[in-house]
Amino acid sequence: MTVRTRFAPSPTGYLHIGGARTALFSWAYAKKHGGQFILRIEDTDVARSTPEAVQAILDGMHWLGLDYDEGPFYQMRRMDRYKQVIQQMLDAGTAYYCYSSREELDALRESQMQAGLKPRYDGRWRPETGKVLPNAPKDVPPVVRFKNPQAGIVAWDDMVKGRIEISNEELDDLIIARADGTPTYNFCVVVDDWEMGITHVIRGDDHVNNTPRQINLLKALNAQIPQYAHLSMILGDDGQKLSKRHGAVSVMQYDEDGYLPEAVLNYLARLGWSHGDDEVFSMSQFCQWFDLDHITASAAQFNTEKLNWLNGHYIKTMDIDKLAEIVAPRLSKIVALPAVHPKLTDVLALYRERANNLNQLAADIAYFFHAPPINQADAEKHITLEVLPAIQSLYVKLESCEWAVEAINAAIQETVAQSQLKFPKVAMPLRVMLTGIAQSPSIDAVMHLMGRETVLSRVGVYCKI
RNA sequence: GUCCCCAUCGUCUAGAGGCCUAGGACACCUCCCUUUCACGGAGGCGACCGGGGUUCGAAUCCCCGUGGGGACGCCA
């Protein structure tokens with residue numbers, strides 16, 4: 001039996017970080033076992049589903065590189081099939097019409113809650129041998145309910161949480177078709193998982209409560225029961241549940257915020273799953289290692305600091321040409337590139353070591369491409385009357401020296417010796433003049449890369465007598 | 001309220017009864033490297049929720065508490 005997994009988001013919002021991890025684990029599990037990963041869009045909630053959300057999910061999957069073998073399948077396009085199955089169940093007596101109005105149901109729920117009971121449908125329209133049903137009201141379009149077993153237990157061995165048993169007494173007859181005839185979530189999932197041959201359902205643990213209902217439905221349909229693995233949720237950086245206002249941003253927001261998909265993927269893989277002490281690994285390595293035995297059963301808190309560290313790691317180690325490709329558009333947003341400028345890959349070679357964010361990296365190197373604003377505090381601290389004569393004499397040397405790192409360094413050393421200043425006394429003001437701030441890589445390397453013309457023009461500002 | 005799930009450093013985690021004086025990573029601190037800031041290197045700080053069992057032996061198994069979370073929709 002080949003493994004078939006699926007990711008089944010409802011298009012009511014972005015692909016957020018929790019959904020992305022669920023997708024990642026499902027994807028990896030299929031890859032690991034040489035099976036198929038299926039994307040299914042659960043869009044039966046017509047009121048809340050939007051094409052924009054569908055696109056956002058597709059974009060997120062694409063950015064992360066989570067490719068699917070089949071799909072995307074849209075549930076709205078399978079309506080006929082669902083209705084067919086509902087009719088079969090009606091005919092087989094495993095489902096029935098219920099004419100209770102919403103108001104009636106609300107009142108029932110209310111009174112049960114008051115009495116300290118779990119709110120459940122009381123089965124007033126459930127046909128039973130020997131039971132006399134009320135007359136169907138003319139003005140209430142009926143819903144279809146599943147005739148859930150009333151005794152016994154439903155149990156499954158969850159691949160993450162272990163054995164879970166629920167008494168059928170806890171369950172009620174869930175609605176599988178609305179009054180307008182459209183099928184509901186639990187029913188569509190069951191039909192789809194069944195007909196798409198899903199062998200492993202890997203999903204968020206907010207679905208644990210749906211599982212016994214789905215298993216009962218599957219049994220009523222004589223369908224194979226898949227394996228279930230329920231992943232615990234991801235909490236925000238502050239330990240709070242992710243929500244619209246609480247960092248539940250789209251994965252695409254991470255792209256916008258300067259993160260590499262490699263870093264996000266690696267981070268997510270390690271959040272709730274482990275392979276001994278391994279922290280940094282590629283997706284192909286992950287797909288070889290991934291299993292359901294090493295998934296943590298408890299919720300995990302998102303940690304941006306660690307993501308930053310991983311992001312830095314991938315920025316430092318990735319192919320430099322590819323890095324340049326990614327940084328270029330971010331740089332363009334900050335500065336218009338001049339006709340003549342240092343090669344981006346050369347600049348990145350000098351700067352990637354100190355970066356852990358693509359946007360920050362682009363901002364940090366912008367001074368190579370335009371005259372930077374000078375930080376006043378840094379200027380006042382380092383560009384002093386005391387050092388100006390030395391800078392002026394260096395300027396003259398730079399006009400004619402060979403334009404190589406060693407030669408530039410020699411010129412600075414010579415200036416240092418002649419002026420009897422310490423090296424930093426000369427290097428720091430240069431930094432500020434050239435980069436605008438007091439921190440940069442080796443000043444000689446920066447100058448070399450920047451080019452003689454730019455260096456002389458930026459230093460020259462301070463050399464007018 | 002009812003049902004279900006969860007519980008190791010601040011955070012992510014290793015841990016399948018003796019390998020645990022509880023390991024790694026991020027963060028933090030110190031030192032080294034150094035031409036500033038980073039990077040890198042070497043150290044350091046820091047945890048088994050509480051109580052009972054079971055056992056020669058428990059972070060690991062069981063029970064009870066406590067705390068946290070989820071679910072109880074004609075949402076998914």
Side-chain angles (χ1 to χ4, degrees), chain A residues 8-12 42-45 47-49 75 98 100-102 105-106 109 112-120 141-145 158 160-162 164-167 169-172 174-186 188-189 204-212 230 232-233 235 237 239 241 267 270-280 293-294 296-310 312 316 351-356 364 378 382 409 412-413 416 422-428 430-432 435 437-444:
Chain A
S10 66
T12 54
E42 310 216 323
D43 52 358
T44 55
D45 184 355
R48 292 196 299 162
S49 297
Q75 290 189 323
C98 165
S100 296
S101 66
R102 288 173 196 260
L105 261 14
D106 288 345
R109 198 162 20 241
Q112 285 169 328
M113 290 283 263
Q114 296 259 308
L117 298 169
K118 183 172 184 160
R120 308 166 43 205
V143 299
V144 179
R145 284 184 186 271
D158 196 277
V160 172
K161 297 184 185 286
I164 298 178
E165 296 184 352
I166 309 280
S167 168
E169 288 171 20
E170 294 297 326
L171 276 21
D172 61 2
L174 74 156
I175 292 171
I176 58 175
R178 301 179 181 94
D180 64 5
T182 59
T184 59
Y185 166 75
N186 276 112
C188 297
V189 168
D205 74 356
D206 46 332
H207 288 293
V208 166
N209 295 270
N210 289 324
T211 306
H230 287 98
S232 51
M233 58 187 303
L235 271 19
D237 237 332
K241 185 187 175 181
Y267 179 73
R270 200 54 194 67
L271 195 61
W273 175 84
S274 61
H275 184 265
D277 289 337
D278 295 304
E279 296 284 352
V280 181
D293 302 329
H294 291 83
T296 317
S298 55
Q301 193 170 314
F302 195 88
N303 185 229
T304 305
E305 299 279 10
K306 191 161 181 179
L307 206 214
N308 288 342
W309 171 74
L310 273 169
K316 289 171 187 61
Y351 260 85
R352 72 197 309 204
E353 284 296 320
R354 52 186 58 228
N356 64 8
D364 287 348
D378 286 339
H382 298 291
N409 186 268
I412 299 173
Q413 294 289 1
V416 166
K422 298 275 189 203
F423 191 101
K425 271 286 183 190
V426 176
M428 293 310 287
L430 278 176
R431 267 202 181 86
V432 178
T435 73
I437 58 173
Q439 297 82 241
S440 83
S442 290
I443 194 63
D444 46 9

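In what follows, every chain begins at residue 1, and chains take the letters A, B, ... in the order their sequences are listed. What you are looking at is a predicted structure, and each value in this text was computed from that prediction instead of being measured.
- In terms of the salt bridge (Lys or Arg N to Asp or Glu O under 4.0 Å) criterion, A:R102 has no residue partners (sequence neighbours excluded).
- Every residue was checked against the side chain to side chain donor-acceptor pair (under 3.5 Å) condition with A:R352, not counting sequence neighbours, and none meets it.
- If you check B:rA76, B:rU35, B:rC4 against the side chain of A:I443, the one that comes closest is B:rU35.
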For nucleotides 69-71 of chain B, print each protein N/O atom paired with a nucleotide N/O atom at under 3.5 Å, atom names and distance only.
unit_1, atom_1, unit_2, atom_2, d
B:rG70, N2, A:N209, OD1, 3.4
B:rA71, O4', A:N209, ND2, 3.1

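- Checked against ring pair (Phe, Tyr, Trp, His ring centres under 6.0 Å), A:H275 has the following partners two or more places apart in sequence or in another chain: A:W289.
- Projected onto RNA chain B by closest heavy-atom contact, A:R102 and A:V160 fall at different nucleotides, the more 5' of which corresponds to A:V160.
- Within the nucleic acid shown, A:G272 comes within 4.0 Å of sugar-phosphate atoms alone, with no base atom in reach, counting heavy atoms only.
- Here A:K425 pairs with A:E386 under the side chain to side chain donor-acceptor pair (under 3.5 Å) rule; sequence neighbours left out.
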Assign a letter to each nucleotide of nucleotides 17-29 of chain B from its 5' end: B, base within under 4.0 Å of a protein heavy atom; S, sugar-phosphate only; -, no contact.
------BBBSS--
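- The residue among A:I164 and A:K316 whose nearest nucleotide of RNA chain B lies closer to the 5′ end is A:I164.
- With a 3.5 Å ceiling on both atom-pair distances, the Watson-Crick or G-U wobble partner of B:rC26 is B:rG10.
- For the ring pair (Phe, Tyr, Trp, His ring centres under 6.0 Å) test, residues two or more places apart in sequence or in another chain that qualify with A:Y185 are A:H207.
- Looking at every heavy atom in both residues, A:V189 comes nearest to A:E42 through CG2-OE1, 3.5 Å.
- Every residue was checked against the side chain to side chain donor-acceptor pair (under 3.5 Å) condition with A:D277, not counting sequence neighbours, and none meets it.
- Residue pairs meeting the side-chain hydrogen bond (donor to acceptor under 3.5 Å, both in side chains) criterion with at least one partner in residues 296-305 of chain A, sequence neighbours excluded, are A:D237-A:T304.
- Residues forming a salt bridge (Lys or Arg N to Asp or Glu O under 4.0 Å) with A:E170 (at least two apart in sequence, or on another chain): A:K118.
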Contacts under 3.5 Å, N or O only, protein and nucleotides 46-50 of chain B:
none

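- Every residue two or more places apart in sequence or in another chain was checked for a salt bridge (Lys or Arg N to Asp or Glu O under 4.0 Å) with A:D378, and none qualifies.
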